Amino acid sequence: MSNAPHLLAEDRPDFSRVLDEALRDGSVLEALRSPGPHLNAEQLHTKAMLAASEIAAGAATEYQHFVGLRTALGGASPAPGGAGARSSAVEDAGLFPVLTTLTPVLAGVGGAVLLLIGYSVQAAQPDLALGHSLVTAGWVAVVVALAALLIGGVGMLLTARRDGAATPAGQDPHLHADLAEARRVWHTALRERALIPYLLANLDSEPALSPQVSGRPAPPDLLSPGYSSARYSSPGFSSPGVEGVTDPDGRSPRPAEFTGPGYTSPDFTGPDEV
């Protein structure tokens with residue numbers, strides 16, 4: 001198919017997973033167990049991965065539909081917000097959540113401290129008005145904490161319900177289900193119409209050659225039969241011939257005789273006597 005879409009890089013893991021499923025298909029397993037020389041499962045996997053785009057063209061219609069839905073889902077997401085969107089998000093997560101979170105804690109701790117001090121003062125001096133005031137303030141703080149906790153819980157429930165029911169702007173709520181179904185249909189077509197026929201047709205073919213790295217040929221297999229390491233011998237070396245030591249052919253028939261250089265002491269005469 002000339003207009004078949006190219007297999008995208010993000011879909012190659014799916015292709016490899018479906019390829020593994022195709023290699024476990026009953027017809028492929030039966031062909032692999034048949035006697036005679038043929039490729040094994042690993043060689044078939046390698047060859048199919050090298051020809052992934054060619055094989056995927058057998059399910060081009062389903063793949064094109066799947067990619068189209070995925071593109072539509074990505075394009076339907078809200079555009080990146082500007083300053084207004086960011087400020088709105090800050091306002092949504094601003095004062096109210098802070099109040100509903102901190103108020104119960106602060107009011108509850110303060111109320112407990114006031115009640116503890118107030119009842120202690122009342123136990124020590126029952127007639128002192130300060131003890132009654134502290135106890136009253138403590139109970140007021142406890143009531144405020146319970147009210148803030150209740151308001152915060154109701155707000156969280158309403159927020160969760162709103163977020164669960166909300167649909168992103170411009171996005172079909174059924175698009176995710178359609179996308180999952182399109183992916184399943186593509187996987188089925190890829191396995192049944194493309195991969196299994198390819199594996200059965202290439203069972204008796206030549207194995208795929210490993211791609212060379214950086215244009216260099218692969219190193220020789222040192223463990224393969226018929227391989228012998230290159231022989232090495234040091235180059236012949238002979239010292240240059242010395243007259244009287246070696247003959248013209250470089251051989252040394254007799255040891256060289258050494259005579260030291262002639263030496264005579266210089267004549268010495270004392271200074272002329274005056």
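Computed from heavy atoms alone, side chains included, the values below leave out hydrogens, waters and symmetry copies. Please read these numbers as outputs of a predicted model, since none were measured by experiment.
Shown here are the side chain to side chain donor-acceptor pair (under 3.5 Å) partners of R191, two or more places apart in sequence or in another chain: E21. In this structure, the side-chain contact (heavy atoms from CB on, under 4.5 Å) partners of A182, at least two apart in sequence or on a different chain, are H65, F66, L69.
Residue pairs satisfying the side-chain hydrogen bond (donor to acceptor under 3.5 Å, both in side chains) criterion with at least one member in residues 121-134, sequence neighbours excluded, are listed as follows: Q122-H132. Note on residues 136-151: pairs passing side-chain hydrogen bond (donor to acceptor under 3.5 Å, both in side chains), not counting sequence neighbours, are Y119-W139. Within the structure, side-chain hydrogen bond (donor to acceptor under 3.5 Å, both in side chains) contacts touching residues 29-44 (residues at least two apart or in different chains) do not occur.
Ion pair D178/R70 not flagged as a salt bridge, since none of the NZ, NE, NH1 or NH2 atoms sits closer than 4.0 Å to an Asp/Glu carboxylate oxygen. Between R17 and D20 there is no salt bridge, since no side-chain nitrogen of the basic residue lies less than 4.0 Å from a carboxylate oxygen of the acidic one. One finds no salt bridge joining E206 and K47 here, because no Lys/Arg side-chain nitrogen approaches an Asp/Glu carboxylate oxygen to under 4.0 Å.
Annotation: side chain of E192 is not in contact with side chain of P197 (no heavy-atom distance under 4.5 Å). L19 places none of its side-chain heavy atoms less than 4.5 Å from the side chain of R24. Between L7 and Y63 the shortest side-chain heavy-atom distance falls below 4.5 Å. With contacts defined as side-chain heavy-atom distances shorter than 4.5 Å, the pair L190/E62 does not qualify.
Taking OG from S53 and CG from D11, the interatomic distance works out to 10.5 Å, rounded to the nearest 0.5 Å. Note: L134 CG to L116 CG = 10.5 Å, rounded to the nearest 0.5 Å.
Contact between V67 and L8 at its shortest, heavy atoms only, is CG1-CD1, 4.4 Å. In terms of heavy atoms, L195 sits closest to A22 at CB-CB, 3.9 Å.
The backbone N or O of N202 lies less than 3.5 Å from a partner atom in the side chain of S205, making a donor-acceptor pair.
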I'd like a table of donor-acceptor pairs (distance under 3.5 Å, sequence neighbours excluded) in which one partner is a side-chain atom from residues 140-154, with atom names and distances.
none

Quiz item: Going through the distances and angles, do L44 and L203 end up as a side-chain contact (heavy atoms from CB on, under 4.5 Å)?
Solution: CA-CA 7 Å; L44 280 175; L203 188 65; 3.7 Å; yes

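A continuous path of Ile, Leu, Val, Met, Phe, Trp and Tyr side chains, each step under 4.5 Å between heavy atoms, connects L32 with V18, placing both in one hydrophobic cluster.
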